[in-house]
**Student:** 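Questions regarding the structure given below will be posed in turn.
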Amino acid sequence: MAIQLKQQKKGVTQLAIQGELTIYSVLEHKQALSQYLSSAKDIQIDLADVTEIDSAGLQLLMFLKQEALSRDISFSLSQHSEAVVEVLELLNLSKHFGDPIVISADWKSS
Amino acid sequence: MSELDAALTVFAQEAEELLTDMEDALLSLETKPDDSETINSLFRAMHTIKGSSGLFGFNAIVGFTHEAESVLDKVRNGERGIDAELISVLLDSKDHTAKLIEHCLTQKEAALPASLAADGERLIRQLTGRQTTDMQQSDDSVQLEIEGGGEISVDDNWLISLEFQKDAFRNGMDPLSFIRYLRTLGEIKQILTVAPEMPVGDDMDPESCYLHFKIAFQSDANKQTIEAVFDFASDDCDIKILPPNSKLEEYLNLLNAQDDNHVKRLGDMLVQVGALTQNDVNHALQSQQANVDAEQEAPGKPLGEILVEQHVVQQPLVDQALKKQEQTKQKLASEANYIRVDATKLGHLINLVGELVISSAAMNLIVERHGLSDAGDVAASMNALVSSIRDTALELRMVQIGETFSRFKRVVRDVSKELNKDIELYISGGETELDKTVVEKINDPLTHLIRNALDHGIESPAQRVAAGKPAQGTVQLNAYHESGHIVIQIADDGSGLNSEKILDKALANGLIKPDHDLSQQEIHNLIFAAGLSTKDKATNLSGRGVGMDVVKKNIEALRGSVEIDSIEGEGTTISIRLPLTLAIIDGFMVGTGQDRYIIPLSMVDECIEMNANECEIDEIQHYINLRGQVLPYLRLGDYFHNQIADINRKRESVVVVKFGQTKAGFVVDELHGEHQTVIKPLGKVFERLNGITGATVLGDGNVALILDVQGLIDSAISSKHRKIPAYKP
């Protein structure tokens, strides 16, 4: 399982996605993540270990954001990995998600 | 004829043509008021007449056409709407212009008669009267356009819209890779990623693609190159690429610079300057076709409109392309596609071709007689050339009947107004061609028949509704070719012919006896008799009982025939059958005894042997059994010579001829085969001769008579009725 439940208390759910977030895994990810959408009040996703993300993966993140909004769940992404930042920048979606992005100095410029 | 007179003749001809065009255009506007092409042609007509009148100093015409022209200019620019009222005034203006021209041509120096001047002033008032209110309306629409136009102004960037379809991921597409690749061509200035159709909750399939992108892209690449980026995705993605506004000017210049030697299609023009790619055009054409298929009746939207709607090209570009296209068309139209030829010169040419045909036949004969095999080939190829020269020469005089037909639109319109009837004229087969001399002569009979249909045929709206028909009556004009003839049909859905009334009138006029024995067809044909009208009251249109007989005479003078077919209460169809040409025909030569006869080949159905066993010849009633059909026959030798036939008849043939629905057999001794026949009219002395329409000169100098097949068929049929006893040997 590429999703790790890091912490769960007082309705705040901290999750970490690891490995690939691509067309090959989105189905699995969606199923795993959907269960939290029905119970949690606050979802925080750690993207530090996402090694690869493609359009499908990005679409899944957009979907989660949309679902959370409609259910009044606060939703945030954190610790974006280099791969994620590159895509968000490319598609001008950083503002859409509205989460602070920390850019590490050792990333090669994209 | 002085030079000025010659110029005036040209002016008069040109003006007449323009006015006819104008009338057609106005009438077609009644059904299609938004057709800008037609409005343009109206404007051009008035403009040209004004210009040429100015040259000759016809100030009255210039003054009047100027007003009409400026009104049309406003219509053309969309500042004024066109409606039935305006069309009506414009039609009157057209008539008025014609009168002015006539006045100026006939009495150059004389002042304008007061009535004409008053008419002119009245029309000008009507033309310009409502202008002010319309102007205000148009201001609003201009404003709207400006607001709408501002929406798509994205300065220097290409606007690319990508709408991926659901299966894109499954088909191995990753939109990201396309966008990454796009960056190699230029700079992405702005990108908008949206998923407007993403479903919520469980319905969302993470493996389906819901992503749409809108990209503002700055690049020097051309449209083809940019489109090529997405080539791979084209099946799974709706791609629209709108050129930057800064490119517009470049495209507009390119459009202007396109050569205008031939008219190109809108799509091709835009592809050529690079504003569109072939894909865009194909796509738009497909959706145009789809629209047409979906709603069969409505004509598809113009291509330009679809392209703008699909956001692949800007409106100004389409406008410019259309303008350019129009200019090209005009230029081509003004460059002489036609040469005016004096009709007498053409007539002379056709006479010469006739002589050529005869002398080439003579040459063939000699070649054959002397057995010159070398010359035979040459003669054969020359023969082929002569016959194609003959066909081409005759085609020169062929004109489409459509122009004649469309003149009747006006007749129908005016007459139906006068009679307070609602009548629509439908025209079909206008592209059917026939000889110009025939067209000229058929005009009057046609007018008469149409007026008849309008006046007698179609009932008043109240009567029609009472009879369970639609209030609007229809008259149909149709033309088509049928075995070397042209058939013109005038059909109305009116009351049909009332047989009783016709019989009563015919009895009263002494045309028939009370103990008549007439078929329905024969009763209908009585209306062609002189002095018979079933209309109770004569109007100024028809009903005086003169006319139908003249119609029939005129048509028969053209070697034609007229048939009438009517069902009481449902309508009447009149079919006129005319030969295509009056000069040269393909004939079929036969011989009896020493004489040669020509039967127009188009009327020959078949040739069979006159065989007593098979044909069951009835010598008394003059008919044979043609495969179960009763076929009346006529011995040509007997008919023309009234001779007691040669008992030693060896072998006879029957030529089965057909005219319209009727058939008959001509019995002859010899069949000579096809012959190019130049028709020479018979002199006045022989005009009344039955069974002969003309003569031709054969290659050997002999004369062959051209048979009047229609007349002969009639006498073959009637001789059967009369039961003439056969000869007794």
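Just so it is clear: chains get the letters A, B, ... in the order the sequence lines come, proteins before strands, and each one is counted from 1.
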**Student:** Please name the pair of heavy atoms, one in B:Pro206 and one in A:Leu27, separated by the smallest distance, quoted to 0.1 Å.
**Tutor:** CG-CD1, 3.6 Å
**Student:** Below 4.5 Å from any heavy atom of chain A, which atoms of B:Ser208 appear? Answer side chain, backbone, both or neither.
**Tutor:** backbone
**Student:** Tell me the residues of residues 59-69 of chain A whose non-hydrogen atoms fall below 4.5 Å from those of chain B, in number order.
**Tutor:** A:Gln59, A:Leu60, A:Met62, A:Phe63, A:Gln66, A:Glu67
**Student:** Counting only heavy atoms closer than 4.5 Å, note whether A:Leu88 contacts chain B via side chain, backbone, both or neither.
**Tutor:** neither
**Student:** Thinking salt bridges, do A:Lys30 and B:Glu207 make one under a 4.0 Å N-O criterion?
**Tutor:** no
**Student:** Could you tell me which non-hydrogen atom of B:Leu176 sits nearest to which non-hydrogen atom of A:Leu91, and how far apart they are?
**Tutor:** CD2-CD1, 3.5 Å
**Student:** Taking side chain as everything from C-beta outward and backbone as N, CA, C, O, which of these in B:Phe164 sits under 4.5 Å from a heavy atom of chain A? Side chain, backbone, both or neither.
**Tutor:** neither
**Student:** How many angstroms lie between CZ in B:Phe213 and OG in A:Ser55, if you round to the nearest 0.5 Å?
**Tutor:** 5.5 Å
**Student:** Side chains of A:Ile23 and B:Arg170: closer than 4.5 Å at any heavy-atom pair?
**Tutor:** no
